[in-house]
Amino acid sequence: MKITIIGTGYVGLVTGACLAELGNDVFCLDVDQRKIDLLNNGGIPIHEPGLEEVVARNRAAGRLHFSTDVAASVAHGQLQFIAVGTPPDEDGSADLQYVLAAARSIGRHMDGFKVIVDKSTVPVGTADRVAAAIREELAARGVQPEFTVVSNPEFLKEGAAVEDFMRPDRIVIGHDDTPSGQRARELMKLLYAPFNRNHERTYWMDVRSAEFTKYAANAMLATRISFMNELANLADKVGADIEAVRHGIGSDPRIGHSFLYAGAGYGGSCFPKDVQAIERTARQYNQDLLILSAVEAVNERQKHVLGRKVVARFGEDLAGRRFAVWGLAFKPNTDDMREAPSRVLLQELIERGATVAVHDPVAMHEAKRVLALDLGDDKLARIEFSESPMDALTGAEALVIVTEWKAFRSPDFEQIKARLKQPVIIDGRNLYEPALMTSLGIEYHGIGRSVLTSK
Ligand code: NAD
């Protein structure tokens, strides 16, 4: 099938590359000329396992094209995916300016039947606004080609995006119950048929329910994280081990094991903004979402947990002290620094006068860019970007772990001890066994596990 993807970011690029991998003829459009040039020169703008190979293979096969040419891109696909960003507006609601600009681009150039597929995460009712924006452009041109807007929210996870896209747990598609909505359904069914060979994974519903489903999913996942973080802080006080508790409750099939890890708070481009956006939607309808307000507040507080633990151990004034930080990206296998808890920690350490040596396997370049914005160049100069995790440790008072990269799971603890000024690990992801740390003579501070190390 001929497909156009508007917005070539995490979601758009992965969607375009994976649909091309299945034999479709895909045009990826973006307004960012540098990104398109990079892709056309064989580069990849983001770190995502497996993506580079899929992009290279399909470009070489002539099935995947990157362009800034709006008219040519819109002319190409019968299916027009909108996969542009929906960042939070000042009041927390989803900023739809990019989605509506994409819709207008389609309206300005389309001829003949098109299915507009909202893949961006958008508030309930956005499909109607997309349709209205297209209609306005068509009216200005004095033409009336048929079109319909479907909602097909994306559930991929950064760090496993290609795998998630190629093996989805579910595909959610919302369409109108009109002749063009039914026609869109048939096209979407054809497009996703390769994913449904083993068993049917598609959930068909109305457009508003599909839009809502994406927010409900992210809100539920964020809730589980904040729930465990809040209980972990209590576990520290009452003398219980949150990891034992996690196993104890996760074994109940009604609860399950996923997304129950206590840590340093959630970040990324989705959970923070989507929780805010659904709260904002609720407020527009004069409803409070009390649970989600608490989820957000708990998460903001949890992003300070590592800073609090450093201060509890080393005091309020950190001038003259050096710390090593492992992990900058908001989660492993990505270089995405959006809303990353590491940014809160680094700000706090630097503001208290410390110097810091950091290491991340892939996010260092992106981290330099965002930390320059967060801290300014003067303060950024107090952060050293170390080529290896071990280099970062030399002369540091303690190692603070923020992101659970695989490479940090079984380090050489003797080397860590030898390099640190004193053997202290403050672990925001509960990577190590407290008993092992004690036996190695390492002072260990996890999240919700102090009962195992305070004896
Ligand atoms: P992103 O910022 O990585 O990419 C968006 C791209 O759209 C950018 O390259 C930008 O230049 C381009 N763009 C903006 N306006 C445009 C226009 N008018 N025409 C063409 N291109 C335009 O964003 P992302 O992380 O891919 O997220 C996209 C959407 O998908 C968001 O709504 C997000 O919430 C949702 N989503 C993201 C993820 C994720 O893990 N990143 C997962 C599921 C859903």
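In each ligand, atom 1 is the first atom listed, and ligand 1 is the first ligand listed.
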Undergrad: Is any N or O atom of Lys35, backbone or side chain, closer than 3.5 Å to an N or O atom of ligand 1?
TA: yes
Undergrad: Which residue and atom name correspond to the protein heavy atom nearest atom 43 (C) of ligand 1, and how close is it?
TA: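 Its nearest protein heavy-atom neighbour is Glu154 O, 3.2 Å.
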Undergrad: Checking a contact table here: which protein heavy atom is nearest atom 12 (C) of ligand 1, and how many Å away?
TA: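 I find the closest protein heavy atom is Asp30 OD2, 3.2 Å.
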Undergrad: For ligand 1, does Arg338 get within less than 4.0 Å through its side chain, its backbone, both, or neither, judged by non-hydrogen atoms?
TA: side chain
Undergrad: Find all atoms of ligand 1 within a distance of less than 4.0 Å from any non-hydrogen atom belonging to Thr86, and give their numbers and elements.
TA: 31 (C), 32 (O), 34 (O)
Undergrad: Considering only the protein, which heavy-atom contact is closest to atom 7 (O) of ligand 1, and what is its distance?
TA: Gly7 CA, 3.4 Å
Undergrad: Could you tell me whether ligand 1 has any atom less than 4.0 Å away from a heavy atom of Lys273?
TA: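 In this structure, Lys273 qualifies as a contact of ligand 1 - some heavy atom is under 4.0 Å.
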Undergrad: Quick one: look up the protein heavy atom nearest atom 30 (O) of ligand 1 and list residue, atom name and how far away it is.
TA: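 Here the closest protein heavy atom is Val11 CG2, 3.5 Å.
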Undergrad: Evaluate side-chain contact (heavy atoms from CB on, under 4.5 Å) for Leu399 paired with Trp326, printing each intermediate quantity in order.
TA: CA-CA 7 Å; Leu399 163 62; Trp326 282 4; 3.5 Å; yes
Undergrad: Would Lys2 and Phe27 count as a cation-pi pair here, with the cationic atom under 6.0 angstrom from the ring centre and within 45° of the axis?
TA: no
Undergrad: For Tyr10, take its heavy atoms, then give the atoms of ligand 1 lying under 4.0 Å from any of them.
TA: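 The atoms of ligand 1 under 4.0 Å from a heavy atom of Tyr10 are 3 (O), 25 (O), 26 (O), 41 (N).
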Undergrad: Considering only heavy atoms from C-beta outward, does the side chain of Leu375 approach that of Gln347 to under 4.5 Å?
TA: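 With C-beta onward as the side chain, the pair touches.
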Undergrad: Give a yes or no on whether the ring-centroid distance for Phe212 and Tyr215 is below 6.0 angstrom.
TA: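 No, too far apart.
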Undergrad: Considering only non-hydrogen protein atoms, determine which one is nearest to atom 1 (P) of ligand 1 and report residue, atom name and distance to 0.1 Å.
TA: Gly9 CA, 4.0 Å
Undergrad: Tell me yes or no: between the side chains of Ser226 and Asn229, is some donor less than 3.5 Å from an acceptor?
TA: no
Undergrad: What are the two closest non-hydrogen atoms of Arg449 and Asp236, and how far apart are they?
TA: N-OD1, 3.2 Å
Undergrad: Can you figure out which of Ile6, Asp274, Thr68 has its heavy atom closest to atom 19 (N) of ligand 1?
TA: Ile6
Undergrad: Nearest protein heavy-atom contact for atom 42 (C) of ligand 1: which residue, which atom, what distance?
TA: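 The closest heavy atom on the protein side is Leu156 O, 3.6 Å.
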Undergrad: Any N or O of Glu158 that comes nearer than 3.5 Å to an N or O of ligand 1?
TA: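 Among all N and O atoms of Glu158, at least one is under 3.5 Å from an N or O of ligand 1.
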Undergrad: For ligand 1, find out whether one of its N or O atoms is nearer than 3.5 Å to an N or O atom of Ser105.
TA: no
Undergrad: Can you name the nearest heavy-atom pair linking Asp427 to Arg429, along with the distance?
TA: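 So the two residues come closest at OD1-N, 2.8 Å.
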Undergrad: Does NZ or CZ of Arg170 come closer than 6.0 Å to the centre of the six-membered ring of Phe155, within 45° of the ring's axis?
TA: yes
Undergrad: How close does the nearest protein non-hydrogen atom get to atom 35 (C) of ligand 1, and which residue and atom is it?
TA: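 Here the nearest protein heavy atom works out to Thr121 OG1, 3.4 Å.
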Undergrad: Report the part of Pro153 in contact with ligand 1, treating N, CA, C, O as backbone and CB onward as side chain, heavy atoms under 4.0 Å; options are side chain, backbone, both, neither.
TA: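 Looking at Pro153 and ligand 1, no heavy atom falls under 4.0 Å.
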Undergrad: Any idea which protein heavy atom is nearest atom 5 (C) of ligand 1, and the distance to it?
TA: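 For atom 5 (C) of ligand 1, the nearest protein heavy atom comes out as Gly85 N, 3.6 Å.
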Undergrad: Mind checking whether Asp32 has an N or O less than 3.5 Å away from an N or O of ligand 1?
TA: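 For ligand 1, there is no N or O atom that lies under 3.5 Å from one belonging to Asp32.
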Undergrad: Do the charged groups of Arg57 and Glu21 touch, with an N to O distance under 4.0 Å?
TA: yes
Undergrad: Testing the basics here: between Ile242 and Ala262, what is the closest heavy-atom pair and its distance to 0.1 Å?
TA: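 That closest heavy-atom pairing would be CG2-CB, 4.2 Å.
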Undergrad: Select one of side chain, backbone, both or neither to describe which atoms of Ser120 lie under 4.0 Å from any atom of ligand 1, heavy atoms only.
TA: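 Both backbone and side chain of Ser120 come within 4.0 Å of ligand 1.
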Undergrad: Among Val70, Leu100, Val84, Leu96, which one has a heavy atom closest to atom 15 (N) of ligand 1?
TA: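 Minimum heavy-atom distance to atom 15 (N) of ligand 1 goes to Val84.
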Undergrad: Could Arg183 and Phe113 be counted as a cation-pi pair, given that NZ or CZ must be under 6.0 Å from the ring centre and within 45° of the axis?
TA: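 Verdict for Phe113: a cation-pi partner in Arg183.
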Undergrad: At the 4.0 Å heavy-atom cut-off, does Glu48 count as touching ligand 1?
TA: no
Undergrad: With heavy atoms only and a cut-off of under 4.0 Å, state how Lys157 meets ligand 1: side chain, backbone, both or neither.
TA: neither
Undergrad: Give me the atom names and distance for the closest heavy-atom approach of Leu289 to Ala282.
TA: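 Shortest heavy-atom separation between Leu289 and Ala282 comes out as CG-CB, 3.5 Å.
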Undergrad: Is there a side-chain contact between Asn196 and Ile171 in this structure, where contact means two heavy atoms from C-beta onward sitting under 4.5 Å apart?
TA: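 In short, these two side chains touch, coming nearer than 4.5 Å.
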